[in-house]
S.K.: 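This is the structure I want to talk about, given as structure tokens.
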Amino acid sequence: MFTFVGNVDGSKMSKSDEPVLNFASPDTQPPRPRQKRSQVSRACDWCRVHRIKCDNNHPCLNCKNRGGQCSNDRTNEFRTLPHAFREIERLRKRNQELQKELEEERSRNRNQAAPPAGVSNPQVSTSQSNPWVPPSASGSPSIDDRSSSQWEGVFTSTARSPAKTWYGPSSLLYFINRMNICLSSRLQEQFPEHFMQPNSASRLLDGPASPPDKPTDVLNQDLRPDITKEYLTPTQEEYFLDLYWQSHHTSLLVLYEDDFKQHYKSLWTGSRKTRKPSALVDIVLALCMQYGMAQRQAKNNSSLRSADIDTNDATLAGRWHYCRCQTLLTCELESPTLSTLQCNILSVIWLCWASFQNMADSTLAIATRTAQMLGLHLPPPQDMPQREKDLRKRLWWSIYVAEAKTSMKLGRPFMIHLSHASVGLPSDDHEAAARSGSDFAPLDDHTTWLSWDVHNTKLAIAVRSVYTAFYDKYMDIFNGDSIAISTVESHADSFSTHMKSLERWVLDVPSALKIPRKDHGTPFSTERSPLDMEQFAPLWVQRQRLLLELLYHNLCVNLYRPFIWLTPAALHSLTGLTAESLQSTPFVDTCCRKCASHAMEFTSIMRQVLSTTDLLTGWHETFQWQWNCAISLVAFVLAYSHDGEQTRAAREAIDDAIDVLNTFGSSFAVAASAANVVRSLSATVDQIVASQRHTMSNLRLGEEEHGSIAHEDQSVGIMPLGEQPSTIVGQIDAVFPDWDGEALVTVQGILSGSMDMAFAIDGYNSTYTLWPNNQGPPG
């Protein structure tokens, strides 16, 4: 209701005057036309849900300001009625699966015995205190606990011996086997399996103690430490031991620095030329020699990248100290101590860096049993000093992390289960840091140098829970010798739900352990924004941040990677597949793209770090992760050659990965050999993709001519997209718009020839691969 007390000119308004609603004067300029609002092609998922204005940047300004993930995957968009019906059916199946999982979980909880009094573990056993751990992570049995489910795998040789060992479906070797079947189907040729694997020390030696020219059965097994010419002088030992505290010590918390230095000093009592034997000192020296020589070779031979490995390779540095350590440990097998366990853990690291993966796995099994002999899986006694309690906890969780990473990497059953342990996570507060025996400055009020170890452990627990959830259902996707695409799609949907636990873990990581990004980039994302390296931060801080984020991306690649060979194109030739295989698979495609995104992010970080710093020079574990990501990128390009922008980005990332591997090749020969393998494999994939695109282009041209003739005859024409049968709409939507069913079948026949990853469940295929011009990789 408006009330007027006068005219515009200030005079009083009479009763006969009408109210004036227009307050503009007659000579006022007319208002300017309203500026047209900038249009956005499509808002991101977060802005669309919250109904706020978005922009065309990625990430958009809103997501940058809130520090969250910016995505636009369109997985929930359904524009046709058949799509909506299929989504309803999928949700019904998903609801049934969730109800079944809930009943199984309730049944397990009813059958699980109550833990003894006083040994509860609120840090690990409950999901309320750890939101990054799903409720099933603590008590649910893994696949190895179930007799009804059996994993398949691949038998292959990774050593000089022709004997073959088994690797499970999550291993890189199994994935390489799937790639090989695809390439073999396309080129109709095979090559020896070792062409797909880089040259490593395990192909030169049967073991660290064996000479390269003698097989194991004729070796003298007496490993008495009498080869003095191979050992270090006291001055050299001091040099390498100082290297340990700035490298391995901050990423593997199994020693107290002050206790070790005191122990080392006691070994020289009564002599200035030779020290007393010590297995712990020997294995620490072996690790430092391995890392130190790799750094030294990178600086001295920056342009020399030979793929020929010999006994002088950096990965074998310190092998005589490793052998002497193992000889001394034989006297402690019956009565192990904490020092025995520390030696076993450090031996696992040395063996992994030397590429003796099976020996590392066996040594890890010994370490696991030794830890249980010492009762580390139980809470420490109440009367034990707090300093020793902390050490026992860190040793146990160090073994857990190493065992989880190794078992997932090799695809083998877990040896440690949280349901069998009741020890809590170690403390990382300032009091614990003061007791640790090292003088590292705190990172902030709530973060110390010990915090990295705690969050690294939490990451391993979260990843293992996702891994177990997927592979518990791994055999459900098989039906005899065939695979139901709808089941794979359902598992991909379920898998995405489980992956949210890793998102919660990222939110739990303190900012002091995250690497800042330029241009308002987000750490632990896949934006590929440049790192903003802190110029005056200690080297150990920067290395901790890098290793934590790189491990996260590498583990995400491993979790998403199985879906690459479970795509419809890869499984098209399997017998038993029906028209259901023609439907679209948005959730599988999203998982595959996320696999590639994490691999590209990993490669981007590695390239910047190696080209601008020495933080990871000679760090063998990051080389192994880069090799893993490079192979995953090659497979993605092969499986998604039609994916446009992301495929092009993945192909460019492969070239960057080769550069990273070549950089590592200055430190050890296995990296130069890996670069040659990726380069040759990528060239082969490029040839296949180019041939496939040429064939598809010819088919499209022929289809256009066919459609033109049909239009002139007024007999048949291309069916409009909205009127196509529901069984092929999804696939045509995703790959072949404007193609009818006959053309689609023709193209799928061609794709099945180049993407045949079909296999019999009980069958076995050697890991052969193919190379351009029928030649193996150089070197």
Side-chain angles (χ1 to χ4, degrees), residues 151-158 164-197 408-412 467 470-471 474-475 477-478 481-483 485 487-488 491-492 495 557-575 577 581 585 588-589 591-593 595-596 599 627-641 650 654 677-678 681-682 684-685 688-689 692 751-771:
W151 290 356
E152 69 149 12
V154 59
F155 285 88
T156 186
S157 174
T158 57
K164 298 181 183 295
T165 50
W166 180 81
Y167 297 86
S170 64
S171 66
L172 180 61
L173 288 173
Y174 178 86
F175 186 74
I176 289 175
N177 177 258
R178 301 298 98 203
M179 288 181 58
N180 170 258
I181 299 175
C182 166
L183 297 174
S184 299
S185 175
R186 179 63 177 88
L187 300 180
Q188 301 299 318
E189 292 187 34
Q190 289 184 341
F191 280 83
E193 59 187 35
H194 66 271
F195 281 156
M196 195 66 169
Q197 303 169 9
M408 290 187 291
K409 179 177 69 174
L410 303 180
R412 293 169 181 167
Y467 176 94
F470 174 75
Y471 285 100
Y474 179 75
M475 296 305 298
I477 65 178
F478 298 101
D481 289 342
S482 64
I483 296 179
I485 301 300
T487 306
V488 178
H491 285 354
F495 181 81
V557 169
N558 290 347
L559 289 173
Y560 283 118
R561 188 173 56 198
F563 291 102
I564 292 181
W565 72 266
L566 290 173
T567 56
L571 301 171
H572 177 74
S573 296
L574 278 175
T575 59
L577 289 184
S581 63
T585 54
V588 171
D589 296 340
C591 290
C592 294
R593 294 187 182 101
C595 174
W627 158 251
N628 182 66
C629 291
I631 293 297
S632 302
L633 285 172
V634 172
F636 176 81
V637 171
L638 182 61
Y640 284 85
S641 58
I654 293 174
V677 171
V678 175
L681 181 59
S682 179
T684 302
V685 171
I688 293 176
V689 171
Q692 176 179 305
L751 290 181
S752 66
S754 62
M755 292 296 297
D756 180 16
M757 295 184 188
F759 61 94
I761 292 182
D762 295 329
Y764 159 72
N765 295 278
S766 300
T767 53
Y768 298 142
T769 190
L770 306 167
W771 305 97

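Computed from a prediction, not measured in an experiment: that's the story for all the values here. Side chains included, hydrogens not; waters and symmetry mates left out as well; all remaining heavy atoms used.
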S.K.: Check the pair Cys595 / Phe636 against side-chain contact (heavy atoms from CB on, under 4.5 Å), numbers first and verdict last.
M.R.: CA-CA 8 Å; Cys595 174; Phe636 176 81; over 6 Å; no
S.K.: Using a 4.5 Å cut-off on heavy atoms from C-beta on, say whether the side chain of Phe563 contacts that of Asp589.
M.R.: no
S.K.: Kindly say whether the aromatic ring centers of Tyr560 and Phe470 come within a distance under 6.0 Å.
M.R.: no
S.K.: Roughly how far, to the nearest 0.5 Å, is OG1 of Thr165 from CZ of Arg412?
M.R.: 5.5 Å
S.K.: List the steps and the verdict of side-chain contact (heavy atoms from CB on, under 4.5 Å) for Val634 and Met179.
M.R.: CA-CA 9 Å; Val634 172; Met179 288 181 58; 3.9 Å; yes
S.K.: Could you state the interatomic distance from CD1 (Ile176) to OG (Ser171), rounded to the nearest 0.5 Å?
M.R.: 8.5 Å
S.K.: Any idea which heavy atoms bring Gly411 and Tyr467 closest together, and the distance?
M.R.: CA-OH, 4.0 Å
S.K.: Determine yes or no for a side-chain-to-main-chain donor-acceptor pair under 3.5 angstrom, with Ser641 supplying the side chain and Leu638 the backbone.
M.R.: no
S.K.: Atom NE2 of His491 and atom SG of Cys591: how far apart are they, to the nearest 0.5 Å?
M.R.: 12.0 Å
S.K.: Counting distance only, does the side-chain N/O of Arg561 pair as donor-acceptor with the main-chain N or O of Ala635 below 3.5 Å?
M.R.: no
S.K.: Would Ile654 and Val637 satisfy side-chain contact (heavy atoms from CB on, under 4.5 Å), going step by step from the backbone distance to the final call?
M.R.: CA-CA 9 Å; Ile654 293 174; Val637 171; 3.9 Å; yes
S.K.: Is there a side-chain contact between Ile631 and Phe175 (heavy atoms, below 4.5 Å)?
M.R.: yes
S.K.: Closest heavy-atom contact between Cys629 and Val557?
M.R.: SG-CG2, 4.1 Å
S.K.: Side chains of Tyr174 and Thr156, heavy atoms from C-beta outward: is any pair under 4.5 Å?
M.R.: no
S.K.: Between Tyr167 and Thr158, is any side-chain donor less than 3.5 angstrom from a side-chain acceptor?
M.R.: yes
S.K.: Treating Ser170 as the side-chain partner and Met408 as the backbone partner, does any N or O pair qualify as donor plus acceptor under 3.5 Å?
M.R.: yes
S.K.: Going through the distances and angles, do Leu410 and Trp166 end up as a side-chain contact (heavy atoms from CB on, under 4.5 Å)?
M.R.: CA-CA 9 Å; Leu410 303 180; Trp166 180 81; over 6 Å; no
S.K.: With a 4.5 Å cut-off on side-chain heavy atoms, are Arg593 and Ile564 touching?
M.R.: no
